[in-house]
Amino acid sequence: MPISFDQETKEFHLYNNSLSYSIKVLYTGSIGHVYCGAPLAPHRAHPFLSLAASGGVFHPDKNTARFEYPAFGTGDYRTPAFALQLPDGSTVTEPVYHSHTVYAGKPAIPGLPALYTESTGEADTLELKLFDALSGLRIILYYTIFADLPAIARHSRFVNEGKEPMVLRKTMSLSLDLPDSAWRMLSVSGAWAREFQIVENPLVSGFQGVRSSRGNSGHQQNPFLILKGPATDDSCGQAIGFSLLYSGNFIAAVEVDCYGSSRVQLGVNDENFAWKLEKGASFDTPEAVIVYSGKGLNHLSQVFHSLYQSKLVRGTWRDKERPVLLNNWEGTYFNFTEQKLLAMASVAKELGIELFVLDDGWFGQRDSDTSSLGDWFADTRKLPSGIAGLAEKITALGLQFGLWIEPEMISKKSRLFEQRPDWAVGVPERSRTEQRQQYVLDMSRREIVDYLFTIIAKIIASAPISYIKWDMNRSITEPFSIGLKPDRQGEFFHRYILGVYDLYERLTKAFPQVLFESCAGGGGRFDPGMLAFAPQAWLSDNTDAVERLRIQSGASLVYPQCSWGSHISAVPNHQTGRRTALSFRAMVAFFGDLGFELDPTTLSPEEKGQIMTYLDFYKAHRKTFQYGRFFRLATPDPAFYTAWQVSSEEESLVGFYKLLARPNHPPVRLPLSGLDPNLLYSVSLWEKGGFEANDKNYNCGLRGGDELMYAGLLLDTTHIAKQGDFFAEVFIIKKTEEC
Ligand code: DGJ
C-alpha cells in the first residue's frame, strides 16, 4: 500500500516509483505540506523536510509554515484554501486533524467528473478528516495516488455538522505550498479561433495565474498550469502540472510570498461564489490532479494523456478508434437542402469517410445565427423527410450519421422563447446581453434540464444517430436564476455546470453507443470536466493547418490527441485566407481525430484521388495517430519548424512541418524520442506527401534507436527550402526484430 502513516512523526507518505507526496499533522493540529516531487526512500523519516513544513528554524511562524489546506484569519496572510462565514458572522475557523482512513481504490464525487479506477490495485486513497469543534465544520481532504503514474488526485468535502447554516465563500480543490519559487509558469491564453497559445513566464513575487468568470472554462485560458524548472524543456528536467476537472468558472494561481515560497491553488473561482451549507449538508469541490515529471514536459504531458484517456473518458468510445468524419459546416454553413447534403455524403462515402455530421441550421427556421435555438424540430423546408429520413438515407449510403445540437441556448426569435421567456438566464426587469444573438438557458433549474433531456433523447431515439456534437456558443452574462432564493444566488454558476453535467450524464447513459463531441465555438470549453462525458472535443474553429500546429501543440500539454477533432478544410482557409497544399493540411490533421470540413462535391478528381490515398494511410495507422504516445519534438527553430511524434508498441510516426522557406539554411537535426536504443528500426518516408524522395537518402533504411534518438533525423533544408512555404513530411518508423 503506497500510503504510509508514521504514528510518531505524524507524517503521511504517498509514494510510488516515480513520485513522493508527503504531508504531516503539525503540532497545532493543522496539516503541513512536507514534500512533492521525485520519490523519497519510503522507509526513512525526513525530519529536515518536516521541520521546514512547520515554518522551519528561521521564521517559525504561521506565515512561513507550509500548509496543506490553509485557513483564513489566524496568522497566515497568504491566500487561504477556503473561506466561509459562520452563523454569527465570523469568518475564523481552526480545523485540526481528527482522524484518517486509507483504502484501496478511489471514490467517485457526487455530480462531478472525476478520475476513476477499474480495479482496486490501480490506486490508493487517503481521507484526512479535519474538524473545527466550535462551528461543527468538518473538512475531508481526499488524496488518491495512482500505482503506476506520478499523479495525485485531490478534492475536498465540506460538511456542516453545526447547528445553523454556514456560507462557503472559497473552496479550493487543492492548495500546495512549494518551498521556493525558482519555477517558470506555463499556461495557455487565447481567444475564439486562437486557443491554446502557450505562455511562459518566471514566477514573480505576488499573485499570478489564470481564471474564468464566464460560466465556461473559456477560449481565453484553460484550467491548468505547469511549473517547470528554469532549464526544463520537452525532453528533460523537472516539472509539476496542475489540472482541474471542471468546466465552469475556475482559478489556477500561484502566490509567491515574501520568503519566496509558492502557494499553488486550483478550484472554483471564488468571485461571486457563495454556497449556503445547511445543517447536515455537504459540498464537494471539483477534483484537481497533480502530475510530477523529472523527465521533461513530454513525460508530464504523457502522464496527463494516459490519465485522461483511460481513467477519465468513459464508455464504449474510450478505447475505440474514432471515425473519420465529414462535417458540413464550412461546406455549406446554414445554406443547405437534403439533396445537397446527400450529394456531399455520397462523395464522402466514395472518398472513404465514415461518418457524416449535419451541423447547425437543421431546426426551427434557422437560416442564420439570429433565430431558432430551442426549437429542436427539423426544418422541413430544408429537410422534407426530417432528421429520421435524412439519417436513414445517409446510413443507406454506408455512412454513420451525426447531428449538431446546442441544448443550453435559446434564441430570442424562437417558439421556445415565446413560450418560456423566463427560462433564459438573466435578472428580471433588467436587460439581458445577447451574444451571437442568443441567450443561455438556466441549467441550474431542474425542470429545464429535464425538458432538455426529454427533447434531445427523443431526437436521438428517432433516427440512426451515432454521433452528437454538443455546441455552446456564448458565455453567461447577468448571472441570476429565478429558481434560486436570494441567499443562494452565489451558487448559480456552479449549479449551472452541475446541470450541464447532469444532462450529459443522463444522455450518455441513455445512449451509450453514441459518440459525443463537446464544443463551445471551438475550444471554449475544452477541459477535463467535459472529457468525462464527451470523449472528444472540437478544439478550435480555426481549421488553418499552420494555425493548428500551434493550437494542437498547446493542447497537447495536457490533453491527449484522441480528444481533439482535427479537420482538413478548403483553401483559401475560411479563418485566415491562407493557401496550403492538401498534403500539408492532411499531415497536420492526421495527429488527432481526423475529419473534413468542406464541400467534397467541389473537389477535383486529382484532389479526390489524393484524399483517398490519405485516408488509406490514416486508417492503416489510425490507432497510433489517435492513441500513440505524443511527443512534441525538440525544434531547433520554433518559428520555422514544428515536429510531432506519436508512438505505439510497433511504430512511430513523425510529422515535420516547415513554415516559411529559407534558402541555404543549415540542415535541421531532429532527435526522436521514446525508442529502444538497442533495437533497429526501419525508417521510411510516407511517399504520398507530394515531394521527392531526397530526404530518403539521408534518413531511410535500417537505423538504430540510439542513433535516431541521440543524433536524430537529418532534414535537408536545402531541398526543403525549394519546396516553398508550408511543407510537411511524415516518417514511418517501424520496430524490427533486429538489434
Ligand atoms: C461553432 C462551432 O465551433 C462550429 O464548428 C459550428 O458548429 C458552429 N458553432 C455552428 O453554429
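Numbering of ligands and ligand atoms starts at 1, following listing order.
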(message) Students should be able to answer this: which protein heavy-atom is nearest to atom 3 (O) of ligand 1, and at what distance?
(response) Asp541 OD1, 2.3 Å
(message) List ligand 1 atoms under 4.0 Å from Asp360, heavy atoms only on the residue side.
(response) 10 (C), 11 (O)
(message) Between Asp541 and Arg194 (salt bridge meaning N to carboxylate O under 4.0 Å), is one present in this structure?
(response) no
(request) Identify, for atom 7 (O) of ligand 1, the protein heavy atom at the shortest distance, and state residue, atom and that distance. (result) Asp359 OD1, 2.6 Å
(message) For atom 8 (C) of ligand 1, which of the options Tyr333, Phe334, Trp329 provides the nearest non-hydrogen atom?
(response) Trp329
(message) Could you check whether Phe417 and Tyr439 have their ring centres less than 6.0 Å apart?
(response) yes
(message) Please tell me whether Tyr504 and Trp470 form a close aromatic pair, meaning their ring centres lie under 6.0 Å apart.
(response) yes
(message) Closer than 3.5 angstrom, by distance alone: can the side chain of Ser301 be matched with the main-chain N or O of Leu557 as a donor-acceptor pair?
(response) yes
(message) Can you name the atoms of ligand 1, numbered from 1 with element, that are less than 4.0 Å from a heavy atom of Gly522?
(response) 3 (O)
(request) Pull out every atom of ligand 1 sitting under 4.0 Å from any heavy atom of Trp538, numbered as shown with elements. (result) 3 (O), 5 (O)
(message) Tell me the contacting part of Asn473 for ligand 1: side chain, backbone, both, or neither, using a 4.0 Å heavy-atom threshold, strictly below.
(response) side chain
(message) With nothing but distance in play, are any N or O atoms of Asp471 less than 3.5 Å from an N or O of ligand 1?
(response) yes
(request) Output the list of atoms in ligand 1 that are nearer than 4.0 Å to some heavy atom of Cys519, sorted by atom number. (result) 2 (C), 3 (O)
(request) Assess the pair Tyr559 and Phe304: is the distance between their ring centroids shorter than 6.0 Å? (result) no
(request) State, yes or no, whether a side-chain contact exists between Leu225 and Leu186 at a heavy-atom distance under 4.5 Å. (result) no
(message) For ligand 1 and Arg436, I'd like to know whether there is a polar contact (N/O to N/O, distance under 3.5 Å).
(response) yes
(request) Indicate, with yes or no, if the rings of Phe336 and Trp362 have centres closer together than 6.0 Å. (result) no
(message) Taking ring-ring contact (aromatic ring centres under 6.0 Å, His included) as the criterion, tell me which of Tyr657, Phe625, Phe631, Phe590 meets it with Trp644.
(response) Tyr657
(request) Identify, by atom number and element, the atoms of ligand 1 in contact range of Lys469, meaning under 4.0 Å from any of its heavy atoms. (result) 4 (C), 5 (O), 6 (C), 7 (O)
